[in-house]
A.B. asks: 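One structure is given below, represented as structure tokens, and several questions about it will come after.
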Number of protein chains: 2
Amino acid sequence: MALRHAVLAALLDGELSGYQLAKAFDVGVANFWYAQPQQLYAELTRLEQQGLVAGREVVQESRPTKRLFHVTDAGLAELEAFTAASAKPAFVRDDLMVKVQAADSVDTATLIDQLTERAEIARARIELFEALLRRLRGDRGEEDFLRHGHRIGPYLTCLRGVAFEQENRDWCLRTVAVLEERRHTRARN
Amino acid sequence: MALRHAVLAALLDGELSGYQLAKAFDVGVANFWYAQPQQLYAELTRLEQQGLVAGREVVQESRPTKRLFHVTDAGLAELEAFTAASAKPAFVRDDLMVKVQAADSVDTATLIDQLTERAEIARARIELFEALLRRLRGDRGEEDFLRHGHRIGPYLTCLRGVAFEQENRDWCLRTVAVLEERRHTRARN
DNA sequence: CCATGATAGTCATCTTTCTGACTACTCACA
DNA sequence: TGTGAGTAGTCAGAAAGATGACTATCATGG
């Protein structure tokens, strides 16, 4: 039950509707959690029943009525308790890594294609995250922001997101290079 | 259904019993997949029923009888098909990141403790992975091994594991430094 | 002689996550 | 005039993953 905490943490940034939350999970939150909109709506319902978030209806003209949620005091207490509890080490689960693990037995060309595609995705995400970082720190320098800004949580996780994706991209490109060289070497024999 | 493919990929390294597989998932495979022993036994049973792996009993004296599994041709074909199918982008799911996202609202000291602990875990894993890399490449240099060695799959994924954990450790330490400086700054005001 | 830890594995069940298929309204564009 | 894209949300059920409680044997150390 950790999606609930990810939702709570995401809602700290201000009131959000389920729909907006889904958008958030596509960018900033994507650094450390991934979820479909349906899951988020379901989670919000549960959290509201338990009094950890509270929602209010906002009638809009020219758009459907939405419900904006915010974290309650009970929700904050829950987050606090969650933080105090020991976390199990992060784990990566990556289909692409499974494929590379089997690299010696499967088709190299397919693998190279997928690695290249992944490197491109990583590149795009780096740009996205860096734009988010610039937005979060405003006109301040990074050091200054981290020292004196408020709400540095999202900034810190985003920093990790950038580093992760850079590493991801570098590794993909390096792996492609290795596989390609081996392909050529073998072709010559 | 991706654990199945992780198991198949892990079994490419040679015949393994469920128990040995569980060990493998604690080290090399941990780079890209995590699973409990019970899940692995269950998965092996399913894979055997579907003819993707085959097992043989090995009676041992001084130890319980075990079953060693290897990937069948059908299993290889399955891996090939899996590789050809598009992979969904990797995602990280990390409790600790959720806590950092909420850093502005939760207890800083707890967070610092957990980040420090995580950095230490990362350090230990880096050592573990580097030892594995040395073992895999034997007395060859990395470049030479990657060019001419066989079974480079596990080596490549392990490289990523090292990079991931290094980045992990660096980020944890950097985050600790930031949080600590803020704590002191605030104490002064 | 007893406890502990490593080897080897099973069973049943519970949670959590993921997916597909829906409804409904508005706006812009062709 | 209707078609697609964006906003906003719901429901039911399938799939995947995690957990707790077990059984056995042998070796080692105290």
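Reminder, nothing fancy here: chain letters follow the sequence lines and each chain counts from 1.
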A.B. asks: Let me know the distance between CZ of B:Arg46 and P of D:dA15, rounded to the nearest Å.
C.D. replies: 12 Å

A.B. asks: Go through the steps to decide whether B:Glu130 and B:Arg134 satisfy the test salt bridge (charged side-chain N to carboxylate O under 4.0 Å, His left out), and finish with yes or no.
C.D. replies: CA-CA 6 Å; B:Glu130 281 182 339; B:Arg134 279 194 297 274; 5.1 Å; no

A.B. asks: Compare side-chain N and O positions of A:Tyr19 against OP1 and OP2 of D:dG9 and report whether any pair is under 4.0 Å apart.
C.D. replies: no

A.B. asks: Within this structure, what is the CG-to-P distance between A:Leu40 and D:dT10, rounded to whole angstrom?
C.D. replies: 12 Å

A.B. asks: Which atoms form the tightest heavy-atom contact between A:Val106 and A:Lys99, and what is the distance?
C.D. replies: CG2-O, 4.2 Å

A.B. asks: Give a yes or no on whether the ring-centroid distance for A:Phe145 and A:Tyr155 is below 6.0 angstrom.
C.D. replies: yes

A.B. asks: Please tell me which of the listed nucleotides, D:dG17, C:dT17, D:dA8, lies nearest to the side chain of A:Lys66?
C.D. replies: D:dA8

A.B. asks: Please state how far atom CZ in A:Arg67 lies from atom P in D:dG9, giving the value in whole angstrom units.
C.D. replies: 8 Å

A.B. asks: Rounding to 10 degrees, work out the angle separating the end axes of the helix from C:dC1-D:dG30 to C:dA30-D:dT1 (five pairs an end).
C.D. replies: 20°

A.B. asks: Measure from the side-chain heavy atoms of A:Arg93 and tell me the nearest of C:dC18, D:dT7, D:dG17.
C.D. replies: D:dG17

A.B. asks: In terms of side-chain geometry, is the basic nitrogen of B:Arg147 or B:Glu143 positioned less than 4.0 Å from the acidic oxygen of its partner?
C.D. replies: yes

A.B. asks: Are the charged groups of B:Glu48 and B:Arg67 less than 4.0 angstrom apart, N to O?
C.D. replies: yes

A.B. asks: Hey, are A:Arg160 and B:Glu167 close enough for a salt bridge, meaning a charged N less than 4.0 Å from a carboxylate O?
C.D. replies: yes

A.B. asks: Return the set of residues passing side-chain hydrogen bond (donor to acceptor under 3.5 Å, both in side chains) with B:Arg63 (not counting sequence neighbours), or none when no residue passes.
C.D. replies: none

A.B. asks: Using modelled atom types only, decide if a donor and an acceptor are shared between the side chain of B:Trp171 and the backbone of A:Gly161 within a distance under 3.5 Å.
C.D. replies: no

A.B. asks: Using the closest heavy atom to pick a nucleotide of DNA chain C for each, name whichever of B:Leu68 or A:Gln36 lands nearer the 5' end.
C.D. replies: B:Leu68

A.B. asks: Tell me which nucleotide among D:dG9, C:dC18, C:dG9 gets nearest to the side chain of A:Tyr41.
C.D. replies: D:dG9

A.B. asks: Rounded to whole angstroms, how far apart are CZ on B:Phe25 and C1' on D:dA18?
C.D. replies: 15 Å

A.B. asks: In this structure, how many angstroms lie between the C1' atom of D:dA16 and the CZ atom of B:Arg4, rounded?
C.D. replies: 12 Å

A.B. asks: If you check every side-chain atom of B:Gln39, which of D:dT7, C:dT7, D:dG17 has the closest atom?
C.D. replies: D:dG17

A.B. asks: Can we say B:Glu57 and B:Lys66 salt-bridge, meaning some charged N sits less than 4.0 Å from an Asp/Glu carboxylate O?
C.D. replies: no

A.B. asks: Going 5' to 3' along nucleotides 22-30 of chain D, which nucleotides have protein heavy atoms under 4.0 Å from the base (write B), which only from the sugar-phosphate (write S), and which from neither (write -)?
C.D. replies: ---BSS---

A.B. asks: Counting any heavy atom closer than 4.0 Å, what does B:Thr65 reach on the DNA or RNA strands: base, sugar-phosphate only, or nothing?
C.D. replies: sugar-phosphate

A.B. asks: Report the nucleotide, chosen from D:dG17, C:dT10, C:dC18, that has the shortest atom-to-atom distance to any side-chain atom of B:Trp33.
C.D. replies: D:dG17

A.B. asks: Could you state the OH-C1' distance from B:Tyr34 to D:dA18, rounded to the nearest angstrom?
C.D. replies: 8 Å

A.B. asks: Can you find a side chain N or O atom of A:Lys23 that sits less than 4.0 Å from OP1 or OP2 on D:dT7?
C.D. replies: yes

A.B. asks: What's the CG-P distance between A:Asp95 and D:dA16, to the nearest Å?
C.D. replies: 11 Å

A.B. asks: Could B:Glu120 and B:Arg169 be called an ion pair, given the rule that one side-chain N must be under 4.0 Å from one carboxylate O?
C.D. replies: no

A.B. asks: Please pick, from C:dG20, C:dT17, D:dG17, the nucleotide with the shortest atom-to-atom distance to any side-chain atom of A:Gln38.
C.D. replies: C:dG20

A.B. asks: Round to the nearest Å and state the distance from A:Gln60 atom CD to C:dT26 atom P.
C.D. replies: 12 Å

